[in-house]
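My structure is below; once you've seen it, I'll send some questions.
Each residue takes its place number in the sequence, starting with 1. Bear in mind the structure is a predicted one, so any value in this text is a computation, not a measurement.
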Amino acid sequence: MTMCSGACNCNHGTETNIQSGGRHVQALIDAVDGQAGAQPDAPPVKAESRADWHLRGEWFDICSCSLPCPCTFAQTPTHGDCLFTLVWQIHEGHHAGVDLSGLGVVSIGEFAGNMWVGDPNAMMKLMFYIDAKADADQRRALERIFIGKEGGWPGKFGSLISEVRSIEYAPIRFEAPADLAHWRAEIPGRVKVGARALTGPTADPNRRVQLINAPGAEVGPGQVATWGVVEDDLATGFDFSHAYKGGSSKHFPFDWRPE
């Protein structure tokens with residue numbers, strides 16, 4: 001497992017170089033922008049034009065809220081804050097000429113308050129794991145998209161991030177059958193999260209418990225949420241403000257473009 005390295009042209013090559021706080025966040029963002037080492041009083045660097053890109057796949061979370069997570073309804077988290085693990089699996093995707101199909105991303109972090117109502121204090125602090133099998137060009141593309149530099153829905157979601165504590169590369173295993181009986185992800189020794197589909201005595205066993213037109217969908221509008229009961233919630237690599245325990249899970253498909 002390595003820290004952000006050649007993929008974004010920065011010099012955070014080993015875990016001993018991990019820093020936290022605002023300076024490191026800006027260093028990561030500048031590195032992804034190809035501006036590593038820029039000084040505050042330096043002349044502005046002309047921004048790169050955004051590339052043509054498209055990502056389609058599936059996403060799930062394991063969060064500390066009670067089931068169902070109020071955040072999905074654009075409400076305040078159950079306990080006032082939300083500690084989370086987010087998992088994206090890309091089935092088809094590209095960034096310019098770089099193929100991103102089959103790669104995964106995991107984020108671990110937290111926020112307090114209702115981030116859907118314009119509260120300037122309800123901002124996420126998080127870290128990213130990017131699939132270790134991605135090559136340098138793929139890593140750079142995923143970093144730019146998920147930090148929000150390439151627009152589209154990730155750009156809007158990225159505007160809710162106040163602190164990126166680190167970006168690391170690790171093997172990501174993802175599993176979700178077509179019938180969504182369960183969904184799981186694992187980074188050996190670091191992350192093991194998953195859920196089984198929610199059901200109950202009055203539910204049709206041949207149908208999933210779902211929500212359409214979600215007011216607070218983390219993957220953007222127009223997708224259907226499938227609710228799940230948490231089975232695993234191991235997530236390390238982020239220093240939570242208090243103990244993390246999964247209470248709610250949902251699965252969404254996603255389909256993003258730069259518009």
Side-chain angles (χ1 to χ4, degrees), residues 1-10 12-13 28-29 31-34 48 50-62 84-109 124 126-158 161 164-178 180 182-194 218-220 223 234-238 250-258:
M1 186 180 304
T2 59
M3 278 294 296
C4 179
S5 56
C8 55
N9 301 317
C10 69
H12 304 287
L28 281 170
I29 292 172
V32 172
D33 277 342
E48 294 179 40
R50 288 176 178 165
D52 172 64
W53 63 271
H54 177 219
L55 298 183
R56 184 187 66 78
E58 52 191 309
W59 171 98
F60 75 84
D61 71 348
I62 302 291
F84 59 77
T85 304
L86 313 179
V87 179
W88 296 264
Q89 179 66 23
I90 302 164
H91 295 313
E92 294 181 74
H94 69 271
H95 178 272
V98 178
D99 183 17
L100 301 175
S101 304
L103 298 174
V105 176
V106 173
S107 182
I108 305 171
M124 294 180 286
L126 50 73
M127 62 84 65
F128 287 105
Y129 289 108
I130 291 178
D131 207 326
K133 66 177 177 278
D135 64 23
D137 289 338
Q138 292 170 322
R139 291 179 181 188
R140 175 174 166 78
L142 291 173
E143 287 164 6
R144 286 190 58 82
I145 291 170
F146 280 89
I147 286 177
K149 292 296 179 181
E150 291 290 347
W153 177 254
K156 296 176 182 178
F157 198 63
I161 300 173
V164 180
R165 292 190 178 171
S166 65
I167 300 174
E168 301 185 23
Y169 305 103
I172 299 172
R173 302 172 185 165
F174 179 89
E175 179 185 342
L180 294 180
H182 64 265
W183 42 88
R184 302 175 185 136
E186 183 175 3
I187 297 173
R190 303 286 281 173
V191 175
K192 184 178 182 183
V193 291
E218 292 90 339
V219 298
Q223 303 293 357
L234 172 68
T236 63
F238 179 87
K250 60 190 173 292
H251 173 285
F252 273 113
F254 66 86
D255 195 338
W256 298 333
R257 296 180 186 275

Exercise. Taking only residues two or more places apart in sequence or in another chain, which ones pass side chain to side chain donor-acceptor pair (under 3.5 Å) with Lys133?
Worked result: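 Expected list: Asp131.
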Exercise. Are His95 and Asp137 linked by a side-chain donor-acceptor pair shorter than 3.5 Å?
Worked result: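 Judged by distance alone, the side chains do not pair up.
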Problem set entry | Minimum-distance pair of heavy atoms, taken over all atoms of Ala185 and Val87 |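 Closest heavy-atom pair between Ala185 and Val87: CB-CG1, 3.8 Å.
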Problem set entry | Side-chain heavy atoms of Arg56 within contact of Pro253, under 4.5 Å |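 No; the side chains remain at least 4.5 Å from each other.
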Exercise. Taking C-beta and beyond as the side chain, do Glu143 and Phe128 meet within less than 4.5 Å on heavy atoms?
Worked result: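 They are not in contact (no side-chain heavy atoms under 4.5 Å apart), so the answer is no.
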Problem set entry | For the student: nearest non-hydrogen atoms of Pro171 and Pro188, plus distance |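 For Pro171 and Pro188, the tightest heavy-atom pair comes out as O-CD, 3.7 Å.
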For this session: Ignoring hydrogens and angles, tell me if any N or O in the side chain of Arg140 forms a donor-acceptor pair with the backbone of Asp135 under 3.5 Å.
Result: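 Between the backbone of Asp135 and the side chain of Arg140 there is no qualifying donor-acceptor contact (under 3.5 Å).
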Exercise. Side-chain contact, heavy-atom cut-off 4.5 Å: Ile167 with Ile130?
Worked result: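 They are in side-chain contact.
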Problem set entry | Rounded distance (nearest 0.5 Å) linking atom CD1 of Ile108 with atom CD1 of Ile62 |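 Taking CD1 in Ile108 and CD1 in Ile62, the distance rounds to 12.0 Å.
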Exercise. Looking at Glu58 and Ala176, what are the two nearest heavy atoms and their distance?
Worked result: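 Looking at all heavy atoms of both residues, the shortest contact is OE1-CB, 3.5 Å.
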Exercise. Nearest 0.5 Å, what's the NZ-CH2 distance between Lys250 and Trp59?
Worked result: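 Going from the NZ atom of Lys250 to the CH2 atom of Trp59 covers 4.0 Å.
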For this session: Take the angle between the ring planes of Phe174 and His91 and call it parallel below 30°, perpendicular above 60°, tilted in between.
Result: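 If you compare the ring of Phe174 with that of His91, the planes turn out perpendicular.
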Problem set entry | Step-by-step side-chain contact (heavy atoms from CB on, under 4.5 Å) determination, Phe146 to Leu86 | CA-CA 12 Å; Phe146 280 89; Leu86 313 179; over 6 Å; no
Exercise. Are Phe254 and Trp153 close enough that their ring centres sit under 6.0 Å apart?
Worked result: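 For Phe254 and Trp153, the ring centres are not under 6.0 Å apart.
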Exercise. So among Tyr129, Phe238, Trp88, which one has a side chain to side chain contact (heavy atoms under 4.5 Å, CB included) with Ser107?
Worked result: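 It is Trp88, the one option of Tyr129, Phe238, Trp88 that forms the side chain to side chain contact (heavy atoms under 4.5 Å, CB included) with Ser107.
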Exercise. If we ignore angles and hydrogens, is there a donor and acceptor under 3.5 Å between the side chains of His54 and Glu92?
Worked result: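 No.
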Problem set entry | Interatomic spacing from CG in Leu126 to CD1 in Ile147 - rounded to 0.5 Å |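 If I round to the nearest 0.5 Å, the distance is 9.5 Å.
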Problem set entry | Side chain Trp256, main chain Val219, donor-acceptor under 3.5 Å |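 Indeed, once roles are kept as given, a pair shorter than 3.5 Å links the two residues.
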For this session: Check whether any side-chain heavy atom of Val106 sits under 4.5 Å from a side-chain heavy atom of Val193, and report yes or no.
Result: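 They are not in side-chain contact.
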Problem set entry | Side-chain (Trp53) to main-chain (Glu150) donor-acceptor, under 3.5 angstrom |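 Yes, the answer is positive, given that a donor and an acceptor are paired below the 3.5 Å cut-off.
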Exercise. Passes side-chain contact (heavy atoms from CB on, under 4.5 Å), Leu234 versus Glu186? Steps please.
Worked result: CA-CA 9 Å; Leu234 172 68; Glu186 183 175 3; over 6 Å; no
Exercise. Can you check whether Arg190's main-chain N or O pairs, donor with acceptor, with Thr236's side chain at less than 3.5 Å?
Worked result: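 Yes, because the side chain of Thr236 sits within donor-acceptor range (under 3.5 Å) of the backbone of Arg190.
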Exercise. How many angstroms lie between atom CG of Leu100 and atom CG of Leu142, to the nearest 0.5 angstrom?
Worked result: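 It is 5.0 Å, given to the nearest 0.5 Å.
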For this session: Decide yes or no for Val105 and Ile145: does some side-chain heavy atom of the first lie under 4.5 Å from some side-chain heavy atom of the second?
Result: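 Result no, sub-4.5 Å side-chain heavy-atom pair not found.
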For this session: List the atom of Ala170, the atom of Ile187, and the distance in Å for their closest heavy-atom pair.
Result: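 Closest approach of Ala170 to Ile187, heavy atoms only: CB-CG2, 3.6 Å.
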For this session: Return the minimal non-hydrogen interatomic distance between Leu55 and Gly93, and the atom names on each side.
Result: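 Result for this residue pair: CD2-CA, 4.0 Å.
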For this session: Measure the spacing between CG of Asp255 and CD of Gln223 and express it to the nearest 0.5 Å.
Result: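 Interatomic distance, Asp255 CG to Gln223 CD, rounded to 0.5 Å: 6.5 Å.
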Problem set entry | Closest approach of Phe252 to Glu218 (non-hydrogen atoms, all atoms of both residues) |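 Shortest heavy-atom contact: CE1-OE1, 4.0 Å.
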